[in-house]
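Notes for the one structure printed next.
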Amino acid sequence: MAGGASPALAAPAGAAARPSSIADCRDLRIDPPRLADGPVVSLRLDGGSLTVEDAFAVLTAPRLRVRLDPEAVRTMRRYREDAVALVTRQDPPPPRVYGWNQALGPLKDRPIGVEESVEFQRRILASHGVATEPVLDGAITRLALVIRANQMARGHMGVRPELPRKLLELVNKGVTPVLPQVGSLGSGDLQPMAVAGLVATGGAGACAGLSRPGQATLVAPAGEVLREAGIAPLELEMGEALPIVSGSTVVAAGHVAALRRAEAQADHAEGAFALFMEATRAEAGSLDPRTHAERAIPEEERVAARLRALVRGSEFMTGRTRVRFNPDDTDRIQDAVSVRAAPHILASLRQNLAHSRQVLRQEMNASTSNPLLFRDGDGQVEFVMGGNWDGAVMGHNLDTLNAGLADVGVLSQELSARLLSSRWSYGLPANLAGGPVGLNSGMVQLQTVATALIPEMQVRAFPSGTLSRPAKDGQEDHNSMAMASLRNLLANQERLDTVLAVLYMMSAQGVDLVVRGIDDGAPPPRLGDGTGRIQAVIRSRIAELENDRNLTGDLQGMIVLVNGRGDDRLRQAVRGTPTTPNPALTQTTATPAR
């Protein structure tokens, strides 16, 4: 996370060390501390064509070149000229417009004169930028700026093209505002986006990072970073501060990051489950395509099909291997619910992911601000004030996605617990001990790590969208709390990586113990096409557990394989695709110029 825990400032002798914060830019850190070099990813924004894949590329590319579509620029200029003419006309008197010639929030009835407009913009950003740590991941911040520029490109916010261009200039030159997570109520991301506006305008009280490939990242006050990057601060004009802050843009960017990670976690949930099936010599009948076709849930059918592909050719999941390993394993009728129902449980998560894609595609290409400009039947502009900034749809979707991931965590922990029991695992040594049981405690404490995380996941999966609180003198009397939903989800994704890593490690150990437990002289059983790939990747990094050793380092290595940061081989093994660098780091354009 950008800014995370920072070292304390040096303090005078005898004085307590003063902790750093977003109010002390020179002692903040931003991740990554050194940006890797790579080709430039190019995007052109027209306000209606930004895809989820484009957004993924923004999250992962080391360098970006993002610009506005020329036609979008022309549309913005026409709306802007007509809007300014409308609110500054003398006869008849201009309409009263929130944030243009009227104040904000509970003070909405207070008029703002034209001569006060520029100062009003500065004060909006200064007053709304109050918040606290932790701060957002730099990639999420960068994506938030791109999304906001794309939304502005539609023209309905009434800003000059110079405003989104300035946001994109920050992105293109490696300047990342240090945005706080805490403060937004999901009724527009007012606090973090106000800080982004302060950076774009060189305002006081904001921090930013400057990242250049091959160089250490500089984190300093916004004005200093802009000078170093060669960026002139933008002076806002009438009506331009509110479109920066009004809209759940940071939630949208965080939602994209969560979706990208959740799609990888869904893959790993399937991969770890398939390897578990091998370790327990599970019944393949639960994957029968006829069963899933009868339920008529497309995602369930696809999950079952992928699992069948992973275990295709397996000799572990056969009656012969069951008896070779455990002569008493002859009367198995069906496996436990956690095994038989796994395709349906995992399909629920896939449905949530598909819905997230739909929600984000709409959100990134919509005007999420208040007020908005439209043209009437005669082509004249008019301001319409409403609630288009609200984050409820995204917030509830984040809550649903969090619940789905938490349930996958519970399922994965239950599966790993089965592997500890000789009875539940159909004869594997107790605790998956590799040497003499008793002298060796095996993997019992490894599994305890996953168990310890489950109640934390369950608590953080409570839907924040049901916890609205009124604020601001009753003017904002219902709040989506979408930022809380996002923070809970991101925290649970960290936990889920560990839970999945535990299941992978224990399933791989179970597979090896099955092979070691067969001593009939015949060749060992063969893993499935996909599970064989998965086992090979795990064993390339983590050795089989024979006699007890401390598994902390092994677990950390397994977590790295799961989260894919710098090593995506495991996910490639699950998906059955060649191991390649991140596509966003090898292409020169994320989408054709539009």
Side-chain angles (χ1 to χ4, degrees), residues 1-12 17-37 58-59 61-64 66 121-146 148-149 163 165-183 189 191-236 241 244-245 250 253:
M1 298 295 285
S6 306
L9 286 170
R18 180 165 56 92
S20 65
S21 73
I22 52 177
D24 193 346
C25 304
R26 296 184 187 279
D27 208 42
L28 280 173
R29 296 179 301 181
I30 185 169
D31 290 332
R34 186 178 296 271
L35 189 66
D37 203 354
V58 172
L59 286 171
R63 293 191 293 171
L64 288 163
V66 191
Q121 311 312 306
R122 296 193 190 102
R123 296 189 185 191
I124 289 174
L125 297 181
S127 65
H128 283 63
V130 58
T132 189
E133 296 180 77
V135 301
L136 287 159
D137 186 276
I140 292 175
T141 296
R142 176 170 61 175
L143 178 57
L145 299 183
V146 172
R148 202 58 181 160
L163 176 49
R165 279 176 171 163
K166 186 60 61 176
L167 300 181
L168 296 179
E169 186 180 6
L170 299 179
V171 171
N172 293 338
K173 292 186 176 180
V175 174
T176 302
V178 179
L179 302 189
Q181 291 185 21
V182 180
D189 292 315
Q191 283 92 335
M193 287 305 291
V195 175
L198 286 171
V199 172
T201 58
C207 310
L210 176 59
S211 300
R212 291 167 172 158
Q215 299 182 25
T217 298
L218 167 71
V219 181
E224 182 179 332
V225 170
L226 293 185
R227 286 191 298 273
E228 182 69 21
I231 298 174
L234 177 69
E235 182 168 81
L236 299 181
I244 296 175
V245 305
V250 174

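What you see is a predicted model; the values in this text were computed from it and never measured.
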Restricting to non-hydrogen atoms, name the atom on A206 and the atom on L198 that form the minimum distance, rounded to 0.1 Å.
CB-CB, 3.7 Å

For the student: nearest non-hydrogen atoms of P177 and L170, plus distance
CG-CD1, 4.4 Å

Salt bridge or not for E224 and R227, using N-O below 4.0 Å?
no

dist R122:CZ -> E235:CD (nearest 0.5 Å) comes out at 5.0 Å

Side chain proximity check, I244 to I124, heavy atoms < 4.5 angstrom
no

Between R212 and L218, does the side chain to side chain contact (heavy atoms under 4.5 Å, CB included) criterion hold? Intermediate values first, please.
CA-CA 9 Å; R212 291 167 172 158; L218 167 71; over 6 Å; no

For the student: nearest non-hydrogen atoms of A208 and V225, plus distance
O-CG2, 3.4 Å

What closest approach, in Å, do R142 and V58 show between heavy atoms, and which atom pair accounts for it?
NH2-O, 2.9 Å

Heavy atoms only: give me the nearest P134-V182 pair and the separation to one decimal.
CD-CG2, 4.1 Å

State the CG-NZ distance between L226 and K173, to the nearest 0.5 angstrom.
10.0 Å

Walk me through whether L168 and L145 qualify under side chain to side chain contact (heavy atoms under 4.5 Å, CB included).
CA-CA 7 Å; L168 296 179; L145 299 183; 5.9 Å; no

Would you check, one step at a time, whether the test side chain to side chain contact (heavy atoms under 4.5 Å, CB included) holds for V245 with L125?
CA-CA 8 Å; V245 305; L125 297 181; 4.2 Å; yes

Apply side chain to side chain contact (heavy atoms under 4.5 Å, CB included) to L167 and V146, showing your working.
CA-CA 7 Å; L167 300 181; V146 172; over 6 Å; no

Considering non-hydrogen atoms only, spot the tightest contact between G203 and A222 and give its length.
O-CB, 4.1 Å

With rounding to the nearest 0.5 Å, note down the distance linking CG in L179 to CD in Q191.
11.5 Å

Are any of the side-chain heavy atoms of L163 and L234 separated by less than 4.5 Å?
yes

